[in-house]
S.K.: 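After the structure tokens below, expect a handful of questions from me.
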Amino acid sequence: MKHKFIFGFIAFILISAAGGAAVLVNHYKKARIGASEDGGVAQNIQVSKPWVEVLKPNVYASVESGEKKSLQTGDEIDSGYTVETDTWGLANIYFPDGSVARLDSGTQIFLEEGEYSDSDQSLKVKISLSAGRVWSKIIELATPDSLWEVKTTNAVATVRGTAFGFEHIDGKSSVVGSENQVELAPIDPDTKEILTDKKVIISPNKIVELKRQDLGEIKSGKIAIADKVKEAGPEVLEKEWVKRAAASDVVLNEKIKEIKQRVEENRGEDINKEELKKEIKQEIRNEIKKDAIKPFIQEIEKRRIEKEESKQKSKDNILENKNIQSEEKKILKPQTEGGQAGTGAGNQGTKESLKPIKLLVRPADFSGEIKEGERITFQAVLIMADNSEKIVTEGVKWQVLGQMGKMERPGVFYAELDSTISEFGEASGAVIAVWESEDGTVNFLAKTKIFKVRARVEETTDTRG
């Protein structure tokens with residue numbers, strides 16, 4: 001039994017150059033997921049081992065030593081590994097011929113065997129279901145020595161080309177047939193041997209439920225396992241995991257049908273049946289993996305674009321802040337410490353206690369971000385040497401720094417994005433106020449903190465139907 005786990009790590013680095021992009025792809029050991037230059041998945045995918053498609057996160061694999069690793073789509077697994085999903089996780093385990101084991105949430109399986117031979121197309125799969133639900137979809141077992149087996153502590157199901165669900169919860173095992181037939185045999189509760197002479201065939205839409213206490217009665221002959229076969233009613237067929245798996249099988253069947261038809265039309269009569277079967281299976285496993293990996297590639301590309309946009313937005317904000325600071329310098333003469341530009345003879349007769357020392361701008365009610373069409377009211381306040389305050393909102397010059405709105409009247413800002421930047425959805429800036437003494441010898445500047453104006457999103461209500 002192998003104890004070497006291969007975790008594929010797909011790293012896509014898109015590099016812009018001369019109007020094009022190259023995709024760099026890390027290779028699996030003994031399995032390769034290619035990528036074409038335009039970001040698509042290449043056709044030369046090679047598959048020799050089972051691999052995982054993670055539908056919802058929190059899917060793990062572990063070995064006997066207890067080492068546990070999180071799985072990603074495309075990771076290969078070896079025989080001798082335990083694969084499990086948590087309460088939310090969902091995963092498919094694909095085998096090289098296109099067959100698949102679909103793991104529901106809260107499921108744990110042990111892959112006792114999962115071997116495929118390219119030379120004779122034989123597939124041997126043995127799965128032990130410890131807890132949860134696994135749905136098997138077997139394409140077709142090509143050779144007599146091929147095998148697909150799923151077992152719990154209560155029973156073992158074997159098939160050749162079919163689909164069925166197997167559930168093992170709280171010691172009860174349930175098998176529901178979906179396509180063709182499933183052979184189910186109980187397991188001796190004492191010796192753990194398979195009671196092959198007690199087996200039963202399960203047809204589509206039939207279900208068998210076995211509890212531990214049933215096994216002793218079946219072994220003794222008190223009841224026959226055939227007596228446990230029932231129609232799978234809506235309470236079974238309408239379960240979410242059953243519906244989801246059956247719907248996925250329909251899609252897979254259509255895919256296989258389309259592949260077979262395409263290969264047969266392309267090859268015509270120039271190829272014998274065995275070679276045709278091999279080519280069809282190769283196309284099946286290539287396209288299944290390609291379709292599974294494609295969303296993974298798209299997600300990486302999406303993150304790359306978001307990262308680039310974030311970088312550009314940061315650059316724009318830095319540039320905008322520099323422009324704001326530049327505009328401030330143009331408005332006022334160089335100021336002395338404390339915000340006062342200068343004092344002249346006109347202030348010499350003013351009492352020190354009534355001498356203004358700085359200007360403040362206070363928002364009436366402001367959270368730091370508003371939408372287009374909204375207004376903010378500001379107050380301009382002079383602080384005197386004795387800490388008293390004088391409201392001078394009407395007596396200051398107001399100005400907006402940044403292309404995000406205008407002052408409708410003294411102290412009232414109206415949010416309105418400039419048409420040149422409205423497509424970006426937001427803009428940053430500040431509001432400033434400038435106070436100047438009557439004789440022009442003293443002036444102060446005060447500004448708000450930099451804040452954002454976001455574009456208004458028109459909301460529409462569809463009243464049709």
S.K.: Using only atom types and a distance under 3.5 Å, with no angle test, would you say the side chain of N154 pairs donor to acceptor with the backbone of L210?
M.R.: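 Checked: pair present.
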S.K.: With distance as the sole test, does D86 use its side chain to make a donor-acceptor pair with the main-chain N or O of W88 at under 3.5 Å?
M.R.: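 The answer is yes, because a donor-acceptor pair under 3.5 Å joins these two groups.
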S.K.: Quick one: pull up CG in L417 and NZ in K371 and give me the separation to the nearest 0.5 Å.
M.R.: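 Atom-to-atom, L417:CG and K371:NZ are 12.5 Å apart.
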S.K.: For V159 and Q181, which heavy atoms make the closest approach, and how far apart are they?
M.R.: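 Result for this residue pair: CG1-O, 3.8 Å.
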S.K.: Is a side-chain donor or acceptor of T73 paired with a backbone partner of V54 at a separation under 3.5 angstrom?
M.R.: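 It does hold such a pair.
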S.K.: Give the minimum heavy-atom separation between S174 and E209, together with the two atoms involved.
M.R.: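 Shortest heavy-atom separation between S174 and E209 comes out as OG-CG, 3.4 Å.
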S.K.: Per the salt bridge (charged side-chain N to carboxylate O under 4.0 Å, His left out) rule, which among E374, E369, E426 passes with K452?
M.R.: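 One option only clears the test, and that one is E426.
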S.K.: Okay, side chain of T107, backbone of D104: is any donor-acceptor separation there less than 3.5 Å?
M.R.: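 Yes, T107 side chain to D104 backbone: donor-acceptor pair under 3.5 Å.
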S.K.: Hey, are K406 and E408 close enough for a salt bridge, meaning a charged N less than 4.0 Å from a carboxylate O?
M.R.: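 Result for this pair is no, no salt bridge flagged.
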S.K.: Under the side chain to side chain donor-acceptor pair (under 3.5 Å) test against D249, which residue among R102, K137, R244 passes?
M.R.: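 For D249, the side chain to side chain donor-acceptor pair (under 3.5 Å) check succeeds only for R102.
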S.K.: I'd like to know if the side chain of T85 reaches the main chain of G106, judged simply by a donor and an acceptor atom lying under 3.5 Å from each other, with no hydrogens or angles considered.
M.R.: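 Side chain of T85 to backbone of G106: a pair is present.
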S.K.: Is it true that K151 and E112 make a salt bridge, defined as a side-chain N closer than 4.0 Å to a carboxylate O?
M.R.: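 Yes, this pair counts.
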S.K.: Counting N and O atoms only, with roles assigned by atom type, does the side chain of T82 sit under 3.5 Å from a partner on the main chain of F110, one being a donor and the other an acceptor?
M.R.: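 No, T82 side chain to F110 backbone: no donor-acceptor pair under 3.5 Å.
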